[in-house]
Asks: 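Questions regarding the structure given below will be posed in turn.
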Amino acid sequence: MDPLDDLPTESRREVVLAVATALDVRAADAETLVRASQPLWDAMEDVGGLVDSWGGGEFCHLFPTMLAVIRREVH
């Protein structure tokens, strides 16, 4: 099962583009990162509602922003 299939088409496009832009990677690589984020995001929701549900509006905005901060700190 592909977790990206759970996202509405527009949200999927939006978050993949945002991740690709934030990290300057290909769309396929951005999709890989988005797929890999689901377990962490679900855990953050489960331990006290630190975030909204995976794939929700907060995810589509916050996840690419988190990656951009990580990239900035590493470089």
Side-chain angles (χ1 to χ4, degrees):
M1 174 183 251
D2 185 343
L4 281 178
D5 289 342
D6 294 340
L7 292 176
T9 304
E10 189 58 36
S11 295
R12 179 180 178 153
R13 247 185 261 126
E14 174 188 339
V15 73
V16 168
L17 176 61
V19 168
T21 301
L23 298 178
D24 192 25
V25 298
R26 298 175 309 123
D29 294 332
E31 285 184 1
T32 298
L33 293 168
V34 172
R35 283 184 186 99
S37 72
Q38 185 177 14
L40 173 62
W41 206 264
D42 287 346
M44 290 175 70
E45 182 182 18
D46 292 346
V47 299
L50 300 173
V51 295
D52 70 358
S53 62
W54 187 88
E58 181 181 82
F59 171 80
C60 290
H61 171 73
L62 189 54
F63 183 65
T65 302
M66 289 169 48
L67 293 178
V69 169
I70 291 169
R71 181 167 192 216
R72 203 170 36 245
E73 294 300 317
V74 171
H75 286 92

Asks: Rounded to the nearest 0.5 Å, how far does OG1 of Thr21 lie from CG of Leu17?
Replies: 4.0 Å
Asks: Are Val47 and Met66 linked, directly or through intermediate hydrophobic residues, by side-chain heavy-atom contacts shorter than 4.5 Å (ILVMFWY only)?
Replies: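 In one cluster: yes.
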Asks: Indicate the atoms forming the closest heavy-atom contact of Ala22 with Pro64, along with that distance.
Replies: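 Smallest interatomic distance, heavy atoms only, reads CB-O, 3.7 Å.
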Asks: Does a side-chain heavy-atom distance below 4.5 Å link Val51 with Phe59?
Replies: no
Asks: Considering non-hydrogen atoms only, spot the tightest contact between Glu14 and Cys60 and give its length.
Replies: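 For Glu14 versus Cys60, the nearest heavy atoms are OE2-CB, 3.8 Å.
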Asks: Heavy atoms only: give me the nearest Arg12-Leu7 pair and the separation to one decimal.
Replies: CA-CD1, 3.9 Å
Asks: Ignoring hydrogens and angles, write down the donor-acceptor pairs under 3.5 Å from the side chains of residues 23-40, residues two or more places apart or on other chains.
Replies:
residue : atom : partner : partner atom : Å
Arg26   : NE   : Asp29   : OD2          : 3.4
Arg26   : NH2  : Asp29   : OD1          : 3.2
Thr32   : OG1  : Ala28   : O            : 3.2
Arg35   : NE   : Asp2    : OD1          : 2.9
Arg35   : NE   : Asp2    : OD2          : 3.2
Arg35   : NH2  : Asp2    : OD2          : 2.9
Ser37   : OG   : Val34   : O            : 2.6
Ser37   : OG   : Trp54   : NE1          : 3.2

Asks: Give every residue pair that meets the side-chain hydrogen bond (donor to acceptor under 3.5 Å, both in side chains) criterion with at least one member in residues 59-74, sequence neighbours excluded.
Replies: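 For residues 59-74, and leaving out neighbouring residues, there are no side-chain hydrogen bond (donor to acceptor under 3.5 Å, both in side chains) pairs at all.
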Asks: Flag the pair Trp41 / Leu50 as yes when at least one side-chain heavy-atom distance between them is below 4.5 Å, and no otherwise.
Replies: no
